[in-house]
Amino acid sequence: FIGLGNYVRLIEDPTLLPTLSRSGVFTAACVVFTIIIAMALAVWINRLPARTAFIVQMVVIVPWIISAVVATLLFRWVFVNDIGVASYIIQLMGFDAVQPLNNPTGAMVLLVAVSVWKRIGYAVLVLLAGLKSIPDDYDEAARIDGANNWQIFRMITLPLLKTPLLLIAIVLTLSTFNTVETPLVMTGGGPGDATRILAMDVYERAFTNYDLGSATALAIIMFAG
């Protein structure tokens, strides 16, 4: 028994603060972009004919319902690999294939992109349910009073969606902050430590370095936070 020794080692670890900072940036970016894109998709789907809306919903939720590992590998195969669809299209357009995993910024952008793509289906379904619950009378009354689409969205739709938005923000923040499969499969924490986040740090401390003491201490700090 070493008391608080593991926590002292964590505090003295110079890599902990940068990892915490990266985790905060990664989580905030994922949540913000997911909500913005999901809101746009939900509003668009809500205006589509029933059959078309159903098909679009099925396409959007596919990444959410499949395994995180499978979704990440699929995203990597399509958008990252030299033989992927995206690289092939870029080369057809006369440009050199990009390698986003070779630089820290590109790797983090790619990690955020795959995380948003993976979770956007959940956010769309919740927001779409919220939009369906808003009576059409509100929209009609606002238009009679001369309100345009943006005014209706800002003054009526958004306030009535505050509960679904809060739910989505909480769920996405927790799931993104605690995710380990996506960075582990997509980037492995690299290049260097550019995409090493707290959940991955816990995993590597416990199952790569077999430092169960500091891994447990870090996991408890994450749970308390």
Answer yes or no: are there more than 12 heavy-atom neighbours, outside Asn209 itself, under 6.0 Å from its atom CG? yes
Applying salt bridge (Lys or Arg N to Asp or Glu O under 4.0 Å), name anything that partners Asp211, two or more places apart in sequence or on another chain. Arg9
Suppose we screen for salt bridge (Lys or Arg N to Asp or Glu O under 4.0 Å). Which residues come up paired with Glu204, at least two apart in sequence or across chains? Arg196
Inspect the surroundings of OH in Tyr7 and state if more than 12 heavy atoms from other residues, nucleotides or ligands are less than 6.0 Å away. yes
Salt bridge (Lys or Arg N to Asp or Glu O under 4.0 Å) partners for Arg154, two or more places apart: none
Please list, chain by chain and in numerical order, all residues satisfying side-chain hydrogen bond (donor to acceptor under 3.5 Å, both in side chains) with Asn178, sequence neighbours excluded. none
In this structure, are over 12 heavy atoms from other groups packed under 6.0 Å from Leu4 atom CG? no
Check: Thr176 side chain, Thr173 main-chain N or O, donor-acceptor pair, under 3.5 Å: no
According to salt bridge (charged side-chain N to carboxylate O under 4.0 Å, His left out), does anything in residues 114-133 pair up with another residue at least two apart or in another chain? List the pairs. none
Sequence neighbours excluded, which residues qualify as ring pair (Phe, Tyr, Trp, His ring centres under 6.0 Å) partners of Tyr203? Phe207
For the side chain of Ser23 and the backbone of Leu198, is there at least one donor-acceptor N/O pair under 3.5 Å apart? yes
Ion pair present between Arg22 and Asp201, side-chain N to carboxylate O less than 4.0 angstrom? no
Please round to the nearest 0.5 Å and tell me the distance separating atom CG of Leu41 and atom CD1 of Ile120. 5.0 Å
Near Met58 CE, under 6.0 Å, is it more than 12 heavy atoms from other residues, nucleotides or ligands? yes
How far does CH2 of Trp44 sit from CG of Leu128, to the nearest 0.5 angstrom? 11.5 Å
